[in-house]
Amino acid sequence: MNKYETKDIRNVALIAHGGSGKTSIAEALLFNNRITTRLGRVDDGTSLMDYEPEEIKRKITISSSFHHLEWQKCQVNLIDTPGDANFIADTRNSLQVADSAVLVIDAISGVQVQTEKVWDYCNQFSLPRCIFINKLDRERSDLFRTVENVKKYLKIKPLILQLPLGAEHEFTGLIDLIEEKALLYRDDLSGTFTVEEIPADMKEKAEEFKTKLIEDIAESNDELLEKFLEGTKPSKVEMLSALKQGIISQKLFPILLGSALRNIGMQPLLDFIIECFPSPAERGAITGLNPKTKQEIKAAFDESGPFAGFVFKLEGKGQKPINPAIAGDIVAVAKLKETTTGDSLSDEKNPVVFQGFTHPNPILSFALLPKGKGDEEKIFSSLSRLIEEDPTLRLDRDAQTKEMLLSGMGQVHLETTIEKLKRKFGVEVTLQSPKIPYRETIRQSAKSIIYRHKKQSGGRGQFAEVHFDIFPLERGKGYEFDNDLVGMNVPRNFVPAVEKGLNDAKQRGVMAGYPVVDFKIRFFDGKSHEVDSSELAFKIASSMAFKKAVQQALPMLLEPIMKVIVNVPDENMGDVIGDLNSRRGRVLGVDSKDNHQIITAHVPMSEILTYASELTSLTSGRGTFTVEYSSYEEVPAHISEKIVSQTKVVEEDE
């Protein structure tokens, strides 16, 4: 491997909506660079970049993968990112360390849901980028319809650098508007092309677009604009220089085109990456903090400066030794036992901490049912290792239902995690819908509840009597015990047993067996027997008195309510609000942002367990949402009756 300087490195992320062909572009770029001997294909499982069994099975990129190639005496580090909504958070993380991005758009489908999302990510990180319109060899592909689509949804003025020669299955090459030449490709997937004059029937159109190209580039550069207004035609060098400046400053967003599967347009794309995308040094210093002083530090890409690095990935298929790693490069480092995603590494004498990743909240949870006895500990330890690789996963145990809950960004996300769990660690689990952690409470007070526990069967018996008042508390207050005994009817050494009986009893309510919350017990009197009274007797008495008290205090069922924030296109707002209402949701407010509506609502947990797939259906995949716990509220009577009856059926079956 050749020795490079920082100025010779290009860190480029390939981003797209799933199925647009970015992995196929990566494969074609590697093939043209002789990294591979055949043109890998996602559809037949021969892709070099999608190598995990779960990726091959589903024909999608699940986790960002990396490879490098050498072109025009420069090193290009390719980052092939996921385009599926289940794994799009990994794309955002990868963009945080990229210096530029190629947005791939399908010439048939145009801008899709995740296209807009990854474009927004690029805006967040102020990332220089270009657009590559792929699949121009396919039936119904259309360059100019796609360009209009880009203008509409990405809100930019795209800069067309190339025109197609032929359309659909007759697509045979490109017109390079800067070079003013035609590139005609051989129809053998080799990527070989000949440089020729622009065909006569395309000259007028090419001249029209070349004039528009010069005008658009000139608008971003004062010197070039002055020449343009004077009628002077800029040179190729001047145009490329102004183009690069416009890309780095994010004033210009060029469009290139081709077909990855036909290997058309790949070499011009590589040339463009080298000539017009910035090196790490041209992107500027990275801001960090001194962990001791908390002062801001500008970490420059200086090969003679102190070492500083950022960990954004914890896995890799294969590794190839290099020496040395230079400033701005992306490398794999082995045997870092205590390092995790988002960590910063630096020289002890010059410590610096870079901004870590922010991970979206999971939107879907499943309960895990182990297939093997005694596998729970192994499940937790194995999933913890997978979570280190993918921090968008979350593993919890519900304190009430005792279920292990795995949460993630969608059903496919969780299914692939379970497949990895089996493949890597030999642990099998079944996914099932989680139980809803209902609770019970009371509507009113009940006073002077008396329960006597008396049992005599010869010899020493059991005796205990307790007198309770029960009061409802505000929602969320939990449970209070008030020892208000006066006199010595009940010896004080039995009070802890009374509390223990109450603690045990409140775990299983009288309606449907759910924990009882938001109440206060006043223990104000009772009776005891100097021989037959015991801790066990008072524990039993308090437990039975509690059940009697709850029954007299009008018990009711509570359900968890979730705060849901839904982001949808304007045209879908009515349908989405209607759907939320049908789920017993309560819309709290609606805000506008660009051409989207942000709906905030409270919805019962039981109504949104499968909301992710249903929102996708309602909005053709353009809607997104976040969800978090809000509070507990009373379950409507008709639903409460249904839950209670279902619980009784289950108990009878058991």
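- Each of Phe312, Phe354, Phe125 was compared with Gln96 under the side chain to side chain contact (heavy atoms under 4.5 Å, CB included) criterion, and only Phe125 meets it.
- For the residue pair Ser94/Ser64, the side-chain donor-acceptor check at 3.5 Å is satisfied.
- For the 3.5 Å distance criterion, the side chains of His413 and Asp390 qualify, holding a donor opposite an acceptor.
- When only modelled atom types and interatomic distance are considered, Ser365 and Arg394 share no side-chain donor-acceptor pair under 3.5 Å.
- Salt-bridge check for Glu54 with Arg423: passed, with a basic side-chain N closer than 4.0 Å to an acidic carboxylate O.
- A donor-acceptor distance shorter than 3.5 angstrom exists from the side chain of Asp398 to the backbone of Thr401, with no hydrogens or angles considered.
- Proximity of a side-chain donor or acceptor of Gln250 to a complementary backbone N or O of Ile248 within less than 3.5 Å is detected.
- Atom SG of Cys130 and atom CD1 of Ile255 lie 9.5 Å apart (nearest 0.5 Å).
- A salt bridge links Asp518 with Arg475: at least one charged nitrogen is closer than 4.0 Å to a carboxylate oxygen.
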Yes or no on side chain to side chain donor-acceptor pair (under 3.5 Å) for Thr81 and Arg92, after CA distance, side-chain angles and deciding distance? CA-CA 9 Å; Thr81 66; Arg92 187 181 188 277; over 6 Å; no

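- Under the 3.5 Å distance criterion, with hydrogens and angles disregarded, a donor-acceptor pair is assigned to the side chains of Thr610 and Glu614.
- The backbone N or O of Pro636 lies less than 3.5 Å from no partner atom in the side chain of Ser640, so there is not a single donor-acceptor pair.
- Within the cation-pi definition used here (under 6.0 Å to the ring centroid, within 45° of the axis), Arg439 qualifies as a partner of Tyr632.
- The closest side-chain donor-acceptor pair between Arg129 and Asn123 falls under 3.5 angstrom.
- Using a distance-only test at 3.5 Å, with no hydrogens or angles considered, a donor-acceptor pair links the side chain of Glu55 to the main chain of Ile62.
- Side chains of Ser630 and His602: a donor-acceptor N/O pair is present below 3.5 angstrom, by distance only.
- Judged by distance alone, the side chain of Glu440 and the main-chain N or O of Ala512 form a donor-acceptor pair under 3.5 Å.
- Rounding to the nearest 0.5 Å places CG of Leu256 at 5.0 Å from CG of Leu161.
- For Arg622 and Gln112, the side-chain atoms include no donor-acceptor pair closer than 3.5 Å.
- Ser592 and Gln597 share a donor-acceptor pair across their side chains, judged by distance under 3.5 Å alone.
- Under 3.5 Å, the side chains of Thr626 and Lys563 contain no donor-acceptor pair of N or O atoms.
- Thr341 contributes a side-chain N or O that, together with a main-chain N or O of Glu388, makes up a donor-acceptor pair within less than 3.5 Å.
- Defined by atom type and a distance below 3.5 Å, a donor-acceptor pair is present between the side-chain atoms of Ser259 and Asp137.
- A donor-acceptor pair is defined here as one N or O able to donate and one able to accept, closer than 3.5 Å; no such pair exists between the side chain of Thr616 and the backbone of Gly621.
- A donor-acceptor pair under 3.5 Å is formed between the side chain of Thr91 and the backbone N or O of Pro82.
- The residues Asp579 and Arg583 are annotated as salt-bridged, a charged nitrogen and a carboxylate oxygen being separated by less than 4.0 angstrom.
- Interatomic distance, Thr600 OG1 to Arg586 CZ, rounded to the nearest 0.5 Å: 12.5 Å.
- Ring centroid separation for the pair Phe357 and Phe310 comes in under the 6.0 Å cut-off.
- Checked by atom type and distance alone, the side chain of Ser382 never pairs as donor or acceptor with a backbone atom of Ile379 at under 3.5 Å.
- Under a 3.5 Å cut-off, the side chain of Asp575 and the backbone N or O of Asn572 do not form any donor-acceptor pair.
- Donor-acceptor pairing under 3.5 Å is lacking for the side chains of Asn567 and Thr624.
- By the 4.0 Å N-to-carboxylate-O rule, Glu419 lies too far from Lys424 to be salt-bridged with it.
- Sparse packing is recorded around NZ of Lys251, with 12 or fewer heavy atoms of other residues, nucleotides or ligands lying under 6.0 Å away.
- Aromatic pair Tyr611/Phe625: centroids less than 6.0 angstrom apart.
- A salt bridge links Lys22 and Asp80; the closest N-O separation between the charged side-chain nitrogens and carboxylate oxygens is under 4.0 Å.
- At a threshold of 4.0 Å, the pair Arg138-Asp106 does not count as salt-bridged, since none of the basic side-chain nitrogens sits closer than that to a carboxylate oxygen.
- Salt bridge present: Arg443 and Glu634 bring a charged side-chain N and a carboxylate O closer than 4.0 Å.
- In this structure, Gln444 places its CD atom where more than 12 heavy-atom neighbours from other residues, nucleotides or ligands lie under 6.0 Å away.
- Ion pairing of Lys57 with Glu415 is absent here, as no side-chain N (NZ or NE/NH1/NH2) approaches a carboxylate O to less than 4.0 Å.
- In this structure, CG on Leu406 lies 6.0 Å from CG on Leu395, to the nearest 0.5 angstrom.
- A salt bridge links Lys151 with Glu148: the distance from a Lys NZ or Arg NE/NH1/NH2 to an Asp or Glu carboxylate oxygen falls below 4.0 Å.
- For the pair Lys135 and Glu168, the salt-bridge criterion is not met [side-chain N within less than 4.0 Å of a carboxylate O].
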